[in-house]
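Working notes, structure below.
Residue numbers start at 1 and run along the sequence shown.
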Amino acid sequence: MIIWLLSDYDHRKHLAFKSLLARFSAAYPDSNIEFSVKSRHSLWESLFAHLRDPKRNPLADVIEIPQNWTELFSRLGLLSDLSSGLEALARRHYPEFILKELCREENSRAYSAPWWLEAPALFYRPVALKGAVEDPDTELATWEGFRAALDRVRLPAGRQARRGNFYGLSVPDSSGPVAVADVLPRVWSRRGGLFSDDFNRATFSREETAGGIEDWLELAVSGKIELFSADRFENGPRPAEDCAFIISSRKIQGSARSGLRMLPCPGYPSGGGLMLVYNLAVSASTRDHGAAAAFVTWVMEPRNVSAFAESFGVFPCLKPVFEERLRDEKETAVYRRLFSAPELMPNIMVYPTAELLLERALWNLSLKIARGDYEREDLTRELIMAQGEADYLLSLY
C-alpha cells in the first residue's frame with residue numbers, strides 16, 4: 001500500500017506519521033506500506049497526471065488532501081466513497097462545521113475522512129508589549145489596533161536593534177511568498193471573498209477582497225514580515241522568545257515557557273476565523289480497497305488520531321477527541337471563541353482551482369515586493385487577470 005502525505009513546514013508532522021506507521025506495522029505485521037511526501041502543487045499535478053494517463057501515473061492507495069479538494073476529485077472519479085466502511089463517517093462523529101463542508105452536496109456519501117485541523121490565532125508576549133499596548137484584548141481585536149501596536153513595539157532593554165535579534169512579528173508557516181491562507185482571514189473579516197454568494201462569478205478584484213489582501217501585503221512592503229527568507233529556510237522558524245507577536249495556526253512549542261498569550265486573529269473580536277481541515281481519502285483505483293479503508297479506519301481510532309495531532313500542535317477532527325482536547329487546552333476560552341464561528345474554504349468544484357489562480361497572483365506580487373518594485377497597480381492587475389480566469393472556469397460548470 002502506498003500513501004501520499006502532504007508536506008509540512010513542521011518536521012514533527014512527518015516524525016509523528018512515521019511513528020504512526022510503525023505502530024500500524026506492529027499491529028499488522030503482514031502489511032507492506034510505503035509513503036512519500038508531496039507539496040500541494042506536486043499532489044495537484046499528480047492527481048491530474050493520473051486523469052490524463054492512469055496507467056503511467058498511478059495514484060497512491062491513500063491520499064492526504066485539503067478537505068475542500070474532496071468535491072472536485074470525487075466528481076472527477078478519483079476518490080472512493082468511505083461513508084459505509086468508516087464508522088466515524090457513517091455516524092457523522094465530527095464537529096458540525098466540518099460536516100457542513102464535507103457533505104455540502106449530499107448527506108449520504110463522503111469521499112474523504114476528516115483527519116486534523118488547524119486554526120490561525122494571534123500569540124503575543126506581554127513583556128514585549130509594555131509601553132506599547134495597555135489592553136491587549138481590546139487593542140489587538142482589530143486589524144488597525146494590531147497594526148498600530150506593531151509600530152509601537154520597542155526592542156527589549158539590552159538588545160541591539162539588529163535584524164535576527166528580535167522581531168515584531170513572526171509567521172512560522174511562511175518562508176516564501178504570501179499565501180492564500182495568509183490573506184483569507186483579512187479578506188473574510190472585511191466581508192470579501194473569492195466568489196459571489198451564489199458562486200456565479202469571481203470577486204477577486206472586489207474592494208473588500210482586494211483590501212483584505214492589501215492589508216497583508218502591506219506587512220511585507222513595510223518590512224514587518226520577510227518574504228523568501230534565507231534565514232528561515234536554513235534555521236527554521238524563529239524562537240518564540242524572539243518575537244513580540246506570532247500569527248500561527250498551531251499551538252506553539254514552549255509557549256508556556258516563553259510567556260506567550262493567545263487571542264483570535266485581529267479582525268475577529270468575537271472569535272471565529274479561518275479553519276484549515278485536512279482529510280484522508282482512498283483512491284478509486286486502488287487494487288485493495290479493503291486494506292486502504294482499513295488503514296484509514298485504524299488511523300481514525302481515538303488514541304491514534306489524538307497522539308498524531310497532539311505531536312505537532314493541531315486538533316484532531318474526530319468529535320469526542322476534538323472536544324477532549326479543547327477541554328484540556330490551557331487557552332480553552334480563546335479556542336472556544338475561535339471555534340464559535342469557524343469559516344472553512346468551500347468544498348465545491350471550482351474553489352481549489354480558484355485558490356491556485358490566487359496563489360499564482362500572490363507569488364508574482366511577493367516577488368515584486370521582495371525585489372522592491374511593487375506598486376498598488378500591480379495588485380489590481382494581478383487580481384483582474386486571475387478573476388478573468390476564474391470566471392472562465394465558472395462558465396464551464
Side-chain angles (χ1 to χ4, degrees), residues 2-6 38-86 88-90 92 94 97-115 117 180 184 193-204 275-287 289 292-293 296 317 343-360 386-387 389-397:
I2 297 175
I3 301 170
W4 285 346
L5 191 71
L6 279 170
K38 288 183 175 287
S39 67
R40 289 170 70 103
H41 178 75
S42 64
L43 178 60
W44 182 271
E45 292 293 323
S46 295
L47 290 166
F48 277 99
H50 176 79
L51 280 174
R52 292 190 294 269
D53 192 341
K55 291 184 178 180
R56 295 183 63 183
N57 303 291
L59 292 179
D61 301 283
V62 177
I63 308 169
E64 181 187 13
I65 60 172
Q67 176 165 295
N68 71 313
W69 287 18
T70 303
E71 177 69 9
L72 171 62
F73 289 108
S74 65
R75 291 292 186 94
L76 292 174
L78 300 189
L79 308 182
S80 296
D81 178 20
L82 296 174
S83 55
S84 60
L86 190 61
L89 277 174
R92 299 297 193 251
Y94 300 98
F97 66 87
I98 292 178
L99 291 174
K100 181 180 177 182
E101 286 302 332
L102 178 66
C103 306
R104 173 182 276 264
E105 298 298 328
E106 56 177 306
N107 290 320
S108 60
R109 297 184 178 184
Y111 289 87
S112 66
W115 191 15
L117 68 92
V180 171
L184 272 184
L194 303 191
F195 293 101
S196 58
D197 291 341
D198 57 10
F199 292 101
N200 285 330
R201 58 187 176 84
T203 56
F204 291 13
M275 303 287 138
L276 300 169
V277 183
Y278 298 88
N279 294 17
L280 287 179
V282 171
S283 164
S285 61
T286 180
R287 294 181 179 180
H289 182 275
V296 174
C317 289
E343 297 182 277
L344 278 67
M345 298 178 184
N347 181 28
I348 61 173
M349 283 194 72
V350 71
Y351 207 88
T353 309
E355 281 183 58
L356 291 180
L357 293 173
L358 184 54
E359 288 280 7
R360 185 180 65 190
Q387 180 173 301
E389 293 181 81
D391 281 335
Y392 173 72
L393 279 174
L394 285 171
S395 71
L396 300 177
Y397 294 107

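Across every non-hydrogen atom of Asn279 and Pro114, the tightest pair is OD1-CA, 3.3 Å. A pairwise comparison of heavy atoms in Ala49 and Asn57 identifies O-ND2, 3.2 Å as the closest pair. Closest non-hydrogen pair, Ala60 versus Ile2, comes out as CB-O, 3.4 Å. Across every non-hydrogen atom of Leu86 and Ala113, the tightest pair is CD2-CB, 3.5 Å. Across all their heavy atoms, Tyr94 and Cys317 have their closest contact at CD2-O, 3.3 Å. Residue Ser283 comes nearest to Thr286 through the heavy atom pair O-CG2, 3.1 Å, listed as atom of the first residue, atom of the second, then distance.
To the nearest 0.5 angstrom, Arg109 atom CZ is 7.5 Å from Ser83 atom OG. Atom CG of residue Leu72 and atom CZ of residue Phe48 lie 5.0 Å apart, to the nearest 0.5 angstrom. How far CZ of Arg92 is from CG of Leu99: 6.5 Å, rounded to the nearest 0.5 Å. The line from CG of Leu79 to OG1 of Thr70 is 6.5 Å long, rounded to the nearest 0.5 Å. Here Arg287 contributes atom CZ and Asp61 contributes atom CG; the two are 9.0 Å apart, rounded to the nearest 0.5 Å.
Ala202 is linked by a side-chain contact (heavy atoms from CB on, under 4.5 Å) to Phe195, Phe204, Gln387, Ala390, Asp391, counting only residues two or more places apart in sequence or in another chain. Under the side-chain hydrogen bond (donor to acceptor under 3.5 Å, both in side chains) criterion, Tyr278 pairs with Glu118, sequence neighbours left out. Scored by the salt bridge (Lys or Arg N to Asp or Glu O under 4.0 Å) test, Glu355 finds Arg40 as partners (sequence neighbours excluded). Scanning for side-chain contact (heavy atoms from CB on, under 4.5 Å) contacts around Ser46 gives Trp4, Lys38, with sequence neighbours left out. Residues that satisfy the salt bridge (Lys or Arg N to Asp or Glu O under 4.0 Å) test with Glu45, not counting sequence neighbours, are absent from this structure. By the side-chain contact (heavy atoms from CB on, under 4.5 Å) test, Ala284 is found to be paired with Ser80, residues two or more places apart in sequence or in another chain being considered.
A donor-acceptor distance shorter than 3.5 angstrom exists from the side chain of Thr203 to the backbone of Gly193, with no hydrogens or angles considered. In this structure, the side chain of Ser42 engages the main chain of Ser39 through a donor-acceptor pair within 3.5 Å. Between the side chain of Asp81 and the backbone N or O of Ala110, at least one donor-acceptor pair lies under 3.5 Å. Glu101 places no side-chain N or O within donor-acceptor distance of the main-chain N or O of Asn68, the cut-off being under 3.5 Å.
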Subject >> Pair Asn200-Leu394, side-chain contact (heavy atoms from CB on, under 4.5 Å): steps then yes or no >> reply: CA-CA 7 Å; Asn200 285 330; Leu394 285 171; 6.0 Å; no
**OP:** Mind running side-chain contact (heavy atoms from CB on, under 4.5 Å) on Leu47 and Ile63 for me, showing each step along the way?
**Re:** CA-CA 10 Å; Leu47 290 166; Ile63 308 169; 4.1 Å; yes
Subject >> Derivation and outcome, side-chain contact (heavy atoms from CB on, under 4.5 Å), residues Met345 and Leu184 >> reply: CA-CA 9 Å; Met345 298 178 184; Leu184 272 184; 3.4 Å; yes
**OP:** Determine, step by step, whether Leu117 and Leu344 satisfy the side-chain contact (heavy atoms from CB on, under 4.5 Å) criterion, reporting the C-alpha distance in whole Å, the side-chain angles of both residues, the deciding distance to 0.1 Å, and the verdict.
**Re:** CA-CA 11 Å; Leu117 68 92; Leu344 278 67; over 6 Å; no
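In Asp53, the CG atom is crowded: over 12 heavy atoms of neighbouring residues, nucleotides or ligands sit closer than 6.0 Å.
You'll find the side chain of Leu6 reaches within 4.5 Å of the side chain of Pro66, heavy atoms only.
Side-chain contact check for Asn347 and Glu71: no donor-acceptor pair (N or O, by modelled atom type) lies under 3.5 Å.
Ring centroids of Phe73 and Trp44 are separated by less than 6.0 Å, placing the two rings close together.
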